[in-house]
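By convention in this document, chain letters (A, B, ...) are assigned in the order of the sequence lines, proteins followed by strands, and residues within each chain are numbered from 1. Just the heavy atoms: all of them, side chains too, but no hydrogens, waters or symmetry mates, feed the values below.
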Amino acid sequence: MKRSPRNMLGEDLAKMLKGGVIMDVVNAKQAKIAEAAGACAVMALERVPSDIRRDGGVARMSDPALIKEIQNAVSIPVMAKVRIGHSAEARILEALAVDFIDESEVLTPADPFDHIEKSGFRTPFVCGATTLGEALRRIAEGAAMIRTKGEAGTGNVVEAVRHLKMIAREIASLQTMSPAALQKWATAERVSVDLVKRVRTAKRLPVVTFVAGGIATPSDAALVMELGAEGVFVGSGIFKSANPAKTAAAIVQATIHFLDGVKLAEVSSGLGKPMVGLEIAQLAMTMQERGRTM
Amino acid sequence: MLAGILAFQGDVAEHAAVLRTLHVPFQEVRTLADLAPVTHLIIPGGESTVMGRFLILSGIGKEMTKRVKQGALSIFGTCAGAILLARKVKGKNAPASYALIDMTVERNSYGTQAQSFSANIAVKGIAKPISMAFIRAPKILWTGRGVEVMASHKGNPVIVRQGNIWASTCHPEVNGNVELHALWLRQAGMPAPHLK
């Protein structure tokens, strides 16, 4: 019998994360700050995306010792990143018993042709996507959760909004396609027509969908929640801000009370300087292109 | 009567789908004002640290405890919800809990996601076993005399009740099973034509 590519327990864990904020942390101290502020999970990595962007060089999976340190510090789920296509890094993270693996464009891709065949792992994967086709290719490989790519490390939310809306618009466009057009779309996107039909019927992706890439303020988090995100990843936005603990707590508040203007005004007040933002058109390198056509 | 789902974080939508199937009216609860008309509250699966923090910040934790003591509120907690209802919580960085069920619970007792599993659970009062997921689940290590064990798995209670306060360490809602919710609502006096 052919094993289902779906990681049902991983999809269920993703459901438990909904409505929450997953925060990038680079050490145990930051992980504790994130947990105390109300993060629903932490993403362990060596450098936050804005530092990766500034420093350049090849960005890889974190040192396992660092990940263990973070696992020991907190009680919430711990995620960690591997390079696109780097199944050996994923095997290491699985051995460390991380709760989720992020096959991430923020790190330097390891394979120019293929993503990791995720169905071979017990540990669930979250993958980035910019379009519906890209999201479905990752789900077909076994991803248990999808996040938008946005443009990490910029503090600029525009690309995350673009990707969230692109996916929503493409799902809406499936509704009016003829069977032949649906087949043609599925072939062009290299995904099975059955998966496309599932999306058309459900009017949503079959897995939990978070927004990531460029969220820097509480109001950014509230914006993407209003647009239909099921939760948010915040990278550089917290620990590159003037007051990380306060900013972290405020972003959690804003994610929960995303339609409450009074609450948003209250939590946005007096946070100090947010991270520096970058204009997308002036970037030397965009991370969202990595793995996009694969 | 009105059901409510604590909607700070977690699998709120899955519980909402169950209540819709059962045709039980409900609203999401994020503030004291939201809680006021609610007679039957669900605390969903999610992170107990997050919900614990917001139960304090919102004042809902104190208010729900008061209303339970007055006999004006019934609660069903799944996973994180079970932790928050316990008298005692073991494990690092545990949130403050509300002692509404006389039990000791250990968080992430089976381990990380690598130890998550699903199992068929036979529940007292439900004809067939229900397939349920245990996601980074807590374990009920001890229950007091006033606590009725509704289901066990490998020697540990997994679904318990103390009067109208129910707790489950596993998730009937993620597979869309409605029977456990129906059983709780029925026993906790919620009139609804679609409850068996």
**Q.** Nearest atoms (heavy-atom pairs only) where A/Ser75 meets B/Arg107
**A.**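 Reported closest heavy-atom pair: OG-NH1, 2.7 Å.
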Q.
So which atom in A/Ala37 and which in B/Arg53 form the shortest heavy-atom distance, rounded to 0.1 Å?
A.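 For A/Ala37 and B/Arg53, the tightest heavy-atom pair comes out as O-NE, 3.2 Å.
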Taking the side chain as everything from C-beta on, heavy atoms only, tell me whether [X] gets closer than 4.5 Å to [Y].
X: B/Val12; Y: A/Lys18; value: no
X: A/Met16; Y: B/Val174; value: yes
X: A/Asp99; Y: B/Arg136; value: yes
X: B/Gln113; Y: A/Pro124; value: yes

Q. Checking heavy atoms, do the side chain of A/Ala41, its backbone, both or neither come under 4.5 Å from chain B?
A.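 Neither part; nothing is under 4.5 Å.
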Q. Using non-hydrogen atoms only, which part of A/Gln253 is less than 4.5 Å away from chain B: side chain, backbone, both, or neither?
A.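 Backbone plus side chain of A/Gln253, per the 4.5 Å heavy-atom cut-off to chain B.
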(Q) Has B/Asn93 got a side-chain atom pairing as donor or acceptor with A/Ala73's backbone, closer than 3.5 angstrom? (A)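 Flag set: sc B/Asn93 to bb A/Ala73 pair under 3.5 Å.
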Q: Kindly say whether A/Leu9 contributes a backbone atom to a donor-acceptor pair with the side chain of B/Ser116 at under 3.5 angstrom?
A: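 Such a contact is absent between B/Ser116 side chain and A/Leu9 backbone.
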[options]: which one forms the most heavy-atom pairs within less than 4.5 Å of chain B?
options: A/Val21, A/Ile76, A/Asp260, A/Val78; value: A/Ile76
options: A/Ala39, A/Ala36, A/Cys40; value: A/Cys40
options: A/Gly10, A/Ala14, A/Gly231, A/Ala97; value: A/Ala97

(Q) Which atoms of B/Glu28 are under 4.5 Å from chain A, going by heavy atoms: the side chain, the backbone, both sets, or neither? (A)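 For B/Glu28, neither part sits under 4.5 Å from chain A.
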Q.
Given heavy-atom pairs under 4.5 angstrom as the criterion, report whether the side chain, backbone, both or neither of B/Asn108 touches chain A.
A.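 The side chain, not the backbone.
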Q: For the pair A/His257 and B/Phe8, name the ring-plane relationship: parallel under 30°, tilted 30 to 60°, perpendicular over 60°.
A: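 A/His257 vs B/Phe8 ring planes: perpendicular.
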[atom2] on [Y] to [atom1] on [X], rounded to 0.5 Å:
X: B/Arg30; Y: A/Leu259; atom1: CZ; atom2: CG; answer: 8.0 Å
X: A/Gln71; Y: B/Thr112; atom1: CD; atom2: OG1; answer: 7.0 Å
X: B/Gln115; Y: A/Arg122; atom1: CD; atom2: CZ; answer: 7.0 Å

Q.
Does atom NZ (B/Lys124) have a neighbourhood of more than 12 heavy atoms from anything else shown, all under 6.0 Å?
A.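 More than 12 heavy atoms, drawn from other residues, nucleotides or ligands, come within 6.0 Å of this atom.
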Q: Inspect the surroundings of NZ in B/Lys154 and state if more than 12 heavy atoms from other residues, nucleotides or ligands are less than 6.0 Å away.
A: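 Check fails, neighbour count at 12 or below.
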Q) Please walk me through it: do A/Glu35 and B/Thr49 pass side-chain contact (heavy atoms from CB on, under 4.5 Å)? A) CA-CA 8 Å; A/Glu35 183 175 55; B/Thr49 50; 4.3 Å; yes
